[in-house]
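The sequence lines fix the lettering, A, B, ..., with proteins before strands; numbering per chain opens at 1.
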Amino acid sequence: MSISKEAYRALEGIVGPEYISQDPVIMDSYCFVWGNEVMFGDKFAARPIAVIIPGSAEEVQEVVKVCNQYNVKFRPHATGWEATALSAAEGFLPIDLRRLNKIIEINEDSMYGVVEPYVSIGALTIEATKKGMRCYSLGAGPSASVVASSTSHCGIGNASIFTGVGGRSVLGVEWILPDGKLLRLGSLGAGCGWFSGDGPGPSLRGAMRGVVGANGGLGVITKVAVKLTPWYGPKVLETSNNPPSYSNDLPENFKVFTMTFPTREDVVDALYLISEEEISHVCSRRGPFAVASGLVGSNEEMWELWKKGIYQKKCANSIVLIMDSTSPECLEYRVKVLNKIVEKTNGAYFTEDSHRDGGKYAHGLLGIGGNKGAFRAGGTFNEGPGAEETMDSLLNLQVMANELKEEFVKTGKLLDDGDPIWLQPFEQGQIGGHGEIPVRFDPCDKEAVKVAREHYEEACKRELASKLGIGPLEGGIGFNDEINDTAGPETMNYHLWMKKIKKALDPNLVSEASFYTNPKE
Amino acid sequence: MSLEVYERDMTRCSRCSYCKFVPHVKWKNYETAAVCPSISRYHFHSWSAGGKMITGLALLRGRIEYSDTLMDIVYQCCMDGACDVSCKNQRDLEPLEMMLSLRAKMVEDGQLHPAHMFAIDGLKKEDNMLQQKKADRGRWAEGLDVKDLTKEKADVLFHAGCRLSFDEALWDISRGAIKILKKAGVDVGIMGKDEACCGGRAYEMGYQGELTKYAEHNLDVWKNAGVKTVVTSCAECYQAFKVLYDKIGKKPTVKILHITEFIEQLIEEGKLKLDNEVPMTVTYHDPCHLGRLAEPWIHWEGEEKKVMGQMIVHDPPKTYRRGANGVYDAPRNVLKSIPGLKLVEMDRIREYAWCCGAGGGVIDAYPDFAQWTAAERLKEAENTGADAIVTACSWCERNFLDTVKENGNSIQVLDIIQLVQKAMV
Ligand SMILES: Cc1cc2nc3c(=O)[nH]c(=O)nc-3n(C[C@H](O)[C@H](O)[C@H](O)COP(=O)(O)OP(=O)(O)OC[C@H]3O[C@@H](n4cnc5c(N)ncnc54)[C@H](O)[C@@H]3O)c2cc1C
Ligand code: SF4
Ligand code: SF4
């Protein structure tokens with residue numbers, strides 16, 4: 001795919017020459033993302049046809065209209081932290097949204113925040129905490145965009161038990177459809193403000209994002225309102241320590257717990273009970289490697305710690321929980337409840353690393369451990385089977401996923417990190433949760449990249465065969481046409497709905513959809 | 001190190017964009033979350049440290065060629081290392097070292113920035129970056145009763161640096177430093193016209209050979225002068241002497257101190273008394289070369305190896321410089337010793353401070369960008385309500401002063417030395 005001189009000039013006319021480029025030197029930094037190795041066997045995917053950085057929603061709309069006029073394929077781009085955010089077999093026009101970076105409103109009465117696409121989770125969190133609220137957290141960490149993670153991808157994180165997930169936090173939306181028309185969803189569409197995602201006004205969140213988002217294949221969201229949840233901590237987060245071990249100081253009425261259990265089943269039982277009792281702010285089951293690596297400053301330190309075997313032996317089945325509360329009495333009550341749960345589920349408290357509670361708190365709060373945990377060890381990672389389900393069925397899926405990973409670990413080309421199963425309850429367990437398994441490897445090791453690809457292909461097959469899920473979710477890699485066409489017939493033909501939506505909203509097929517769907521049935 | 005050495009780091013960059021921001025745990029306000037002047041001003045990802053990792057890899061792989069755009073991407077960057085701190089808070093990578101290697105490669109390949117030639121020619125002809133007459137280098141000290149170490153002996157050498165030697169508007173600072181030292185009874189002298197550049201800025205521009213040349217020269221001169229301590233009030237010279245000389249295997253045998261460290265010591269020892277009230281509210285700007293870039297060099301030579309199948313470790317184990325061990329407390333302690341003075345902090349301080357904009361050859365090649373960066377900092381300083389932004393580097397001062405003049409800011413720009421003088425009886 002290329003771009004004609006006329007189209008380029010028309011785009012340049014919208015943003016000015018400073019904000020558009022066709023220079024290969026610039027464009028090469030827009031086809032390099034971490035998922036590319038597994039996808040294409042190389043760090044660089046197809047070079048874009050140009051890159052554009054509009055300065056306002058109006059400019060975005062003009063850009064989209066020109067793309068329709070000249071048949072230019074485009075894809076919106078926020079932080080680029082999604083595995084395949086800039087990947088495609090053929091070049092397209094990335095619309096870099098970094099100049100749309102304003103927090104429009106933080107509404108304390110109706111508890112929502114309205115943001116433009118380049119406002120990150122970290123940014124909204126830091127400003128919302130000043131007003132006694134917080135944004136959902138994301139496993140990817142605080143640098144990812146609120147708009148991208150809530151409207152166009154999943155939005156799952158450590159605090160999902162309390163805050164819910166990004167994808168379910170969406171309220172009013174301003175959406176430039178693939179054909180350039182502007183659509184306002186929810187109460188915004190009825191001129192009633194941002195407070196509701198459904199009526200009054202058009203309730204089209206399902207069409208806009210489904211479960212895992214359209215990954216840029218359905219136009220550009222230029223503003224979103226997301227739900228905020230209560231924050232009982234201080235308005236300013238105090239910090240201590242030095243890099244790479246910065247931590248947040250634990251506020252009054254907050255406590256961090258690490259609990260260990262004899263079996264994975266006990267872990268799941270405990271997760272159910274903790275969810276039911278609504279006593280946690282952050283709560284998840286992570287593998288011993290993830291727990292430990294978030295707390296140390298480097299791979300060298302991690303290796304020293306791992307050799308001691310403490311985490312593998314004592315924290316093989318553990319839950320990390322951050323408890324918040326509104327008063328000392330509330331805290332006391334919650335601790336008592338947790339004690340009972342731990343007792344009932346055969347658990348025990350692990351206190352050997354409690355001097356690192358500030359670090360755990362920092363990771364839990366903002367999700368900053370995701371980057372360290374995923375990339376530092378080997379250089380990159382990918383996902384094994386994952387899904388959104390009840391905890392019991394997630395456990396079944398993850399046990400299979402772990403066995404699969406172990407088979408590939410034997411090659412020496414995936415990190416041998418024990419049992420890295422992540423189980424994450426949502427919304428106090430009311431809608432189940434999320435499970436996934438990361439596999440870590442070195443992108444510089446060609447053989448490791450090959451093994452990671454083979455592992456991924458096998459993961460897709462086995463997950464589908466298990467009937468416990470569709471494919472490795474978080475990578476986003478799963479949700480291309482190939483997977484949809486295989487998984488759809490097994491899953492109530494969801495893919496046919498996606499195709500219908502795509503066809504209706506993108507008549508000229510310009511909204512680049514390598515990781516969404518094409519309309520052909 | 002050659003660029004090839006960093007090929008693995010470049011490949012392992014995850015494009016997470018952490019290098020564009022203050023480490024998240026340290027965010028205080030969204031308004032002051034950005035930490036990289038380059039990406040903040042030029043927007044395309046290539047201008048960030050992560051973008052330069054990708055650009056370096058693309059160049060190595062022959063995907064791209066030298067061009068004006070590449071020159072801008074590489075040199076519209078202050079080399080202040082804020083990106084490095086943010087990256088290394090998460091990862092074991094070396095973005096700043098990679099960027100230094102990329103510049104060195106460009107110079108080696110004859111890709112010279114025309115605007116840098118003024119400074120480089122100045123070095124070749126006059127041993128300074130400002131194309132001023134070598135013979136005039138000691139003029140700043142005229143009338144001061146200070147020893148000339150080309151003729152006399154003293155324990156301590158005060159090194160003024162190119163900026164303070166020739167920028168008359170800043171002579172207050174170099175002269176003030178001598179007055180303070182003398183008042184405290186320090187046996188101090190200067191090299192006058194025989195002082196030469198430190199070579200640090202040229203090294204950052206990619207002219208790595210210049211650093212070796214000046215390191216050898218300066219070490220020789222200090223040895224011949226028989227001094228025990230070299231003190232400077234220029235953060236760039238300090239970093240070159242303390243860190244870069246060590247890095248290239250020419251660690252000085254004399255003690256290297258920044259003037260703020262020396263003054264702190266003199267106050268502690270009771271040799272310097274600050275008794276005058278200075279009723280002002282000030283905020284302190286951490287110069288990058290006194291802060292994160294002044295973290296001592298850690299030598300490491302060895303191999304990468306894998307444990308647990310794919311975890312990257314080193315043999316022998318490698319310790320990374322992550323920015324926290326720069327000089328942060330000495331200047332603050334000096335300010336806190338001044339009676340009546342109130343110190344208020346900006347949001348971006350210490351290892352995650354926003355750069356003044358002058359470093360890495362930016363003030364030489366892209367003065368508008370240097371001033372844009374300074375203007376951002378001045379805005380942050382003004383938001384604290386301070387009467388003055390105080391710093392401890394002559395290059396920061398020059399850039400702030402130029403920007404204040406251009407933009408009409410009301411905040412004063414001062415060096416710590418000027419405040420210490422006010423507080424001295
Ligand atoms: C270590 C790591 C862990 C992760 N863990 C999780 C996790 O736990 N949960 C989770 O949900 N995700 C996770 N992810 C995936 C990813 O980070 C998130 O999906 C996040 O939303 C990406 O945000 P971004 O700002 O980087 O968006 P980008 O990568 O820039 O964009 C993501 C997708 O959304 C599209 N998009 C971006 N902006 C818009 C817009 N304005 N309008 C329409 N489409 C748009 C893009 O085209 C792209 O396809 C993880 C990623 C990493 C690297
Ligand atoms: S240089 Fe470091 S912080 Fe920047 S994008 Fe790469 S990995 Fe992330
Ligand atoms: S050195 Fe400074 S300007 Fe250059 S990339 Fe790093 S933070 Fe940005």
**OP:** Using non-hydrogen atoms and a 4.5 Å limit, figure out which bit of A/Met302 sits close to chain B: side chain, backbone, both or neither.
**Re:** both
Subject >> Distance in Å, A/Ser298 OG paired with B/Arg322 CZ, rounded so as to fall on 0.5 Å steps >> reply: 5.5 Å
Original post:
Hey, mind stepping through B/Ile73 and A/Ile26 against side chain to side chain contact (heavy atoms under 4.5 Å, CB included) and telling me if it holds?
Top reply: CA-CA 9 Å; B/Ile73 288 169; A/Ile26 290 178; 4.3 Å; yes
Original post:
Quick one: what part of A/Ile121 sits under 4.5 Å from any heavy atom of chain B, side chain, backbone, both or neither?
Top reply: neither
**OP:** Starting from the C-alpha separation in whole Å, work towards a yes-or-no answer on salt bridge (Lys or Arg N to Asp or Glu O under 4.0 Å) for A/Glu18 and B/Arg41.
**Re:** CA-CA 11 Å; A/Glu18 203 185 328; B/Arg41 168 68 185 81; 3.5 Å; yes
Subject >> A/Arg99 versus B/His43, side-chain donor and acceptor atoms under 3.5 Å >> reply: no
Subject >> Validation row: B/Thr55, A/Val25 side chains within 4.5 angstrom (heavy atoms) >> reply: yes
**OP:** Could you check which of B/Gly51, B/Ser48, B/Cys13 has the highest count of heavy-atom pairs closer than 4.5 Å to chain A?
**Re:** B/Cys13
**OP:** Please look at B/Thr11 and chain A and tell me whether the side chain, the backbone, both or neither of the residue comes under 4.5 angstrom of a heavy atom of that chain.
**Re:** both
**OP:** Drop me the distance from A/Arg440's CZ to B/Ile312's CD1, to the nearest 0.5 angstrom.
**Re:** 12.5 Å
**OP:** Give, for atom OG of A/Ser29 and atom CH2 of B/Trp47, the distance between the pair rounded to the nearest 0.5 Å.
**Re:** 8.5 Å
Original post:
With a 4.5 angstrom heavy-atom cut-off, which part of A/Asn101 approaches chain B: side chain, backbone, both or neither?
Top reply: both
Original post:
Measuring heavy-atom distances to chain B, does A/Val409 have an atom under 4.5 Å in its side chain, in its backbone, in both, or in neither?
Top reply: neither
**OP:** For the residue pair A/Pro243 and B/Glu351, establish whether any side-chain heavy-atom pair is separated by less than 4.5 Å.
**Re:** yes
Original post:
Could you state the interatomic distance from NE2 (B/His24) to CG (A/Asn371), rounded to the nearest 0.5 Å?
Top reply: 9.5 Å
Original post:
Picking from A/Glu304, A/His77, A/Met27, A/Glu238, which has the most non-hydrogen pairs under 4.5 angstrom with chain B?
Top reply: A/His77
Original post:
Non-hydrogen atoms of chain A under 4.5 Å away: do they reach the side chain of B/Ser14, the backbone, both or neither?
Top reply: both
Original post:
Looking at A/Gly122 and B/Trp27, what are the two nearest heavy atoms and their distance?
Top reply: C-CZ3, 3.7 Å
**OP:** State whether the side chain of B/Asp92 and the backbone N or O of A/Asn299 hold a donor-acceptor pair below 3.5 Å, judged by distance alone.
**Re:** yes
Subject >> Contacting moiety of B/Ala58, where chain A heavy atoms sit under 4.5 Å >> reply: both
Subject >> Residue, of B/Leu70, B/Val307, B/Thr69, B/Thr319, that accumulates the most heavy atom pairs under 4.5 Å with chain A >> reply: B/Val307
Original post:
With only heavy atoms counted, which part of A/Ile126 is less than 4.5 Å from chain B, the side chain, the backbone, both or neither?
Top reply: side chain
**OP:** Go through the steps to decide whether B/Val25 and A/Ile368 satisfy the test side chain to side chain contact (heavy atoms under 4.5 Å, CB included), and finish with yes or no.
**Re:** CA-CA 8 Å; B/Val25 172; A/Ile368 52 170; 3.3 Å; yes
**OP:** Using a 4.5 Å cut-off on heavy atoms from C-beta on, say whether the side chain of A/Ser21 contacts that of B/Phe44.
**Re:** yes
**OP:** Pick one of side chain, backbone, both or neither for B/Tyr320, based on which atoms fall under 4.5 Å of a heavy atom in chain A.
**Re:** neither
Original post:
Do A/Trp306 and B/Met311 come close enough that some side-chain heavy atom pair is under 4.5 Å?
Top reply: no
**OP:** Tell me, for A/Tyr118 versus chain B, whether the close heavy atoms (under 4.5 Å) come from the side chain, the backbone, both or neither.
**Re:** both
**OP:** Check whether A/Val236 gets within reach of chain B through its side chain, its backbone, both or neither, counting any heavy atom under 4.5 Å.
**Re:** neither
**OP:** Evaluate the criterion side chain to side chain contact (heavy atoms under 4.5 Å, CB included) for residue pair B/Asn29 and A/Lys130; output intermediate values, then yes/no.
**Re:** CA-CA 10 Å; B/Asn29 289 294; A/Lys130 292 180 193 163; 2.3 Å; yes
**OP:** Under 4.5 Å heavy-atom distance to chain A, tell me which part of B/Tyr18 shows up: side chain, backbone, both or neither.
**Re:** side chain
Subject >> Pairing of B/Arg12 and A/Asp442 as salt bridge, 4.0 angstrom limit >> reply: yes
Subject >> Cation over ring face, B/Arg63 and A/Phe44, 6.0 Å, 45° >> reply: yes
**OP:** Locate the shortest heavy-atom distance separating A/Glu300 from B/Val313; write the atom from each residue and the value.
**Re:** OE1-CB, 3.0 Å
Original post:
In terms of heavy-atom proximity below 4.5 Å to chain B, should A/Leu86 be classed as side chain, backbone, both, or neither?
Top reply: side chain
Original post:
For the candidates A/Asn248, A/Asp96, A/Thr380, A/Leu237, which exhibits the highest count of non-hydrogen atom pairs separated by less than 4.5 Å from chain B?
Top reply: A/Asn248
**OP:** Decide yes or no on side chain to side chain contact (heavy atoms under 4.5 Å, CB included) for B/Ile64 and A/Arg47, but give the supporting numbers first.
**Re:** CA-CA 11 Å; B/Ile64 54 171; A/Arg47 189 178 270 164; 3.9 Å; yes
Original post:
Taking C-beta and beyond as the side chain, do B/Arg15 and A/Thr79 meet within less than 4.5 Å on heavy atoms?
Top reply: no
**OP:** Would you name the heavy atoms of B/Gln310 and A/Ala448 that are closest together and state the gap between them?
**Re:** OE1-CB, 3.4 Å
**OP:** Side chain from CB out, backbone as N, CA, C, O: work out which of these in A/Phe289 comes under 4.5 Å of a heavy atom of chain B, or both, or neither.
**Re:** side chain
Subject >> NZ/NE/NH1/NH2 to OD/OE distance under 4.0 Å, A/Glu127 and B/Lys28 >> reply: no
Original post:
What's the verdict on side-chain hydrogen bond (donor to acceptor under 3.5 Å, both in side chains) for B/Asn89 and A/Lys372, showing C-alpha distance, side-chain angles and the deciding distance?
Top reply: CA-CA 9 Å; B/Asn89 187 40; A/Lys372 274 186 198 177; 4.8 Å; no
Original post:
Are the charged groups of A/Asp42 and B/Arg61 less than 4.0 angstrom apart, N to O?
Top reply: yes
**OP:** Could you tell me which portion of A/Ser247 (side chain, backbone, both or neither) has an atom closer than 4.5 angstrom to a non-hydrogen atom of chain B?
**Re:** backbone
**OP:** Quick one: pull up CZ in A/Phe375 and SG in B/Cys16 and give me the separation to the nearest 0.5 Å.
**Re:** 7.5 Å
Original post:
chain B: which of A/Thr125, A/Val33, A/Asp417, A/Val51 shares the most heavy-atom pairs with it under 4.5 Å?
Top reply: A/Val51
**OP:** Select, from B/Met53, B/His314, B/Arg8, the one with the greatest count of heavy-atom pairs under 4.5 Å involving chain A.
**Re:** B/His314
**OP:** Count the heavy-atom pairs under 4.5 Å between each of A/Glu37, A/Arg98, A/Lys43 and chain B, then report the option with the highest count.
**Re:** A/Arg98
**OP:** To the nearest 0.5 Å, tell me how far B/Tyr352 OH sits from A/Tyr246 OH.
**Re:** 6.5 Å
Original post:
Hey, what's the ring geometry for B/His45 with A/Tyr30, parallel, tilted or perpendicular (30° and 60° as the breaks)?
Top reply: perpendicular
**OP:** For chain B, find which of A/Ala362, A/Ala374, A/Gly373, A/Gly297 contributes the most heavy-atom pairs closer than 4.5 angstrom.
**Re:** A/Gly297
Original post:
Where does B/Ile39 contact chain A at under 4.5 Å (heavy atoms): side chain, backbone, both or neither?
Top reply: both
Subject >> Toward chain A, the part of B/Pro317 with a non-hydrogen atom under 4.5 Å >> reply: both
**OP:** Sort out for me which of B/Glu7, B/Lys88, B/Lys306, B/Lys26 touches chain A most, counting heavy-atom pairs under 4.5 Å.
**Re:** B/Lys26
